[in-house]
J.: 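My structure is below; once you've seen it, I'll send some questions.
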Amino acid sequence: MKARIKITLKHGVLDPQGKAIENALASLGYRGINEVRQGKYIEVDLAEQDEARARAQVEEICKDLLANTVIENYAYELVK
Amino acid sequence: MKSAVVVFPGSNCDRDVKVALEKVTGGPVRMVWHAETAMPATDLIVLPGGFAYGDYLRTGAMAAHSPIMRDVVAKAKSGIPVLGICNGFQVLCEAGLLPGVLMRNASLKFVCRDVLLKIEQTGTPFTSCFQQGEVIRLSVAHGDGNYFADRATLEALEADGRVVFRYVDKAGQATPEANPNGAQHNIAGICDAQRRVLGLMPHPERLFEPMLGGTDGRRIFESVLATLH
């Protein structure tokens, strides 16, 4: 089972990299872009086949290492 | 006085801080590889500057889970002073010994220059040789020094007097212009509730003798020596 994990900055946390991408898009002439936020995507291949146990494990590794919950949120989906 | 400097893969200020500690304290300095599991007997632990694990995932995130860190946390909790400089500050935050996190500089640029700092707190082992409110000069060199914590944490840090160093101008004012990285409240360094664990972004070891262009950094190491004796 694979976990597809997305880590994003919490709302209200300044994202200077997202802001720089936003400015670059504007300077390239793209219009109608309200805001850009940058995040991370991490794929973890799990040996666990049971969905509930896999979910518990992913929660734990997100909190323990993958995300810093002071500034980041995480979300994930499990795929077979 | 015995000191120990933790060396992570990617540390690059470890030998500078060793020289500074040897010259100022006159005592032995042990270099402790991150893969070791127990700290030697020591009066001070330093986490040096650098780019531990290449800053993978987040600055300090991998280093905070190094084998040696379990014992660093235990020693810190037992009251041994721990000093985290630059990347070391980032590691202390990721390890949960200090609150908050150091984010990418608001300018997105690496800043490498001298800064002025106000001594906000002299009641720590690292600042006992300074005057309250004194303005000193140290140098910074970082890409991720933008201190961030939620409002409740910031208020608690301020109320408890745990903001130890703040970026200021010549008049001692914490202005946006004096802030090199966008840190909240112009925070350059904080300590834990017991005032034994200190993290700061500027590098005291880079200005610790006249040959280097300044001596204000020396007084941080002198403070530890004075406190321990």
Side-chain angles (χ1 to χ4, degrees), chain A residues 2-30 33-48 54-78, chain B residues 52-67 69-70 73 89-111 142-157 176 179-187 190 199:
Chain A
K2 268 192 181 138
R4 294 176 173 163
I5 304 163
K6 281 182 196 158
I7 295 160
T8 50
L9 284 172
K10 286 182 178 174
H11 283 291
V13 174
L14 181 72
D15 176 13
Q17 295 179 95
K19 192 56 84 182
I21 296 167
E22 193 181 307
N23 294 341
L25 289 174
S27 71
L28 285 169
Y30 290 99
I33 289 164
N34 294 327
E35 197 188 13
V36 178
R37 305 278 288 172
Q38 180 178 299
K40 293 186 190 106
Y41 172 74
I42 300 174
E43 230 175 53
V44 181
D45 198 343
L46 302 164
E48 182 61 65
R55 207 162 276 283
Q57 189 181 21
V58 173
E59 284 284 340
E60 201 179 323
I61 63 173
C62 283
K63 286 185 190 136
D64 213 22
L65 180 65
L66 300 188
N68 182 330
T69 54
V70 176
I71 49 166
E72 293 169 327
N73 289 323
Y74 60 85
Y76 57 87
E77 54 172 357
L78 296 175
Chain B
Y53 291 87
D55 284 348
Y56 290 176
L57 193 63
R58 295 178 305 276
T59 56
M62 314 301 287
H65 294 275
S66 269
M69 285 306 294
R70 197 180 291 258
V73 172
F89 184 11
Q90 296 160 344
V91 176
L92 288 175
C93 288
E94 282 285 344
L97 283 172
L98 292 174
V101 56
L102 293 141
M103 298 183 60
R104 181 64 53 91
N105 292 345
S107 66
L108 286 177
K109 294 193 173 96
F110 190 93
V111 254
H142 61 248
D144 300 76
N146 184 352
Y147 184 78
F148 180 90
D150 61 38
R151 185 187 294 265
T153 304
L154 278 176
E155 281 170 6
L157 285 173
N179 186 339
N181 50 37
Q184 286 177 316
H185 295 205
N186 281 42
I187 287 171
I190 56 169

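The chains referred to below are lettered A, B, ... by the order of the sequence lines, with proteins before strands, and numbering in each begins at 1.
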J.: Is atom OH of A:Tyr41 surrounded by more than 12 heavy atoms (other residues, nucleotides or ligands) closer than 6.0 Å?
T.: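 Atom OH in A:Tyr41 is packed in, count exceeds 12.
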J.: Within the supplied structure, the quantity of interest is the number of heavy atoms (other residues, nucleotides, ligands) at a distance under 6.0 Å from A:Lys10 NZ; does it exceed 12?
T.: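 Atom NZ in A:Lys10 is packed in, count exceeds 12.
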J.: Which answer fits A:Leu9, side chain, backbone, both or neither, if we ask what part of it has an atom under 4.5 Å from a heavy atom of chain B?
T.: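 Just the side chain, heavy atoms under 4.5 Å.
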J.: Drop me the distance from B:Thr59's OG1 to A:Asn68's CG, to the nearest 0.5 angstrom.
T.: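 Here the interatomic distance stands at 9.0 Å.
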J.: Between A:Gln17 and B:Leu108, which heavy-atom pair has the shortest distance, and what is it?
T.: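 So the two residues come closest at CG-CD2, 3.6 Å.
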J.: Do the non-hydrogen side-chain atoms of B:Met103 and A:Val13 ever get within less than 4.5 Å of each other?
T.: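 Of all side-chain heavy-atom pairs linking A:Val13 with B:Met103, at least one is under 4.5 Å.
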J.: Donor-acceptor pair, B:Arg58 side chain versus A:Leu66 backbone, under 3.5 Å?
T.: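 Checking the backbone N and O of A:Leu66 against the side chain of B:Arg58, a donor-acceptor pair under 3.5 Å is found.
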J.: Could you report the tightest heavy-atom contact between A:Leu14 and B:Ala106, atom names first, then the distance?
T.: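 That closest heavy-atom pairing would be CD2-CB, 4.2 Å.
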J.: Is it true that, when you exclude B:Phe110 itself, more than 12 heavy atoms of the residues, nucleotides or ligands shown sit nearer than 6.0 Å to its CZ?
T.: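 Atom CZ in B:Phe110 is packed in, count exceeds 12.
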J.: How close do A:Leu65 and B:His65 get, heavy atom to heavy atom, and via which atoms?
T.: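 The pair with the smallest heavy-atom distance is CD1-CD2, 3.5 Å.
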J.: Mark yes when over 12 heavy atoms from residues, nucleotides or ligands other than A:Glu59 sit less than 6.0 Å from its CD; otherwise mark no.
T.: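 More than 12 within 6.0 Å, yes.
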J.: How long is the straight-line distance from CG of A:Asp15 back to CZ of B:Arg104, given to the nearest 0.5 Å?
T.: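 Rounded to the nearest 0.5 Å, the CZ-CG separation comes to 10.0 Å.
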J.: State, to 0.1 Å, how close B:Phe148 and A:Ile71 come at their nearest heavy-atom pair, and which atoms those are.
T.: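 Looking at all heavy atoms of both residues, the shortest contact is CD2-CG2, 3.3 Å.
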J.: Heavy-atom count check: over 12 atoms from other residues, nucleotides or ligands less than 6.0 Å from A:Lys19 NZ?
T.: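 No.
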J.: Return yes when atom CZ of A:Arg37 has more than 12 non-hydrogen atoms of other residues, nucleotides or ligands closer than 6.0 Å, and no otherwise.
T.: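 Result for CZ/A:Arg37: enclosed.
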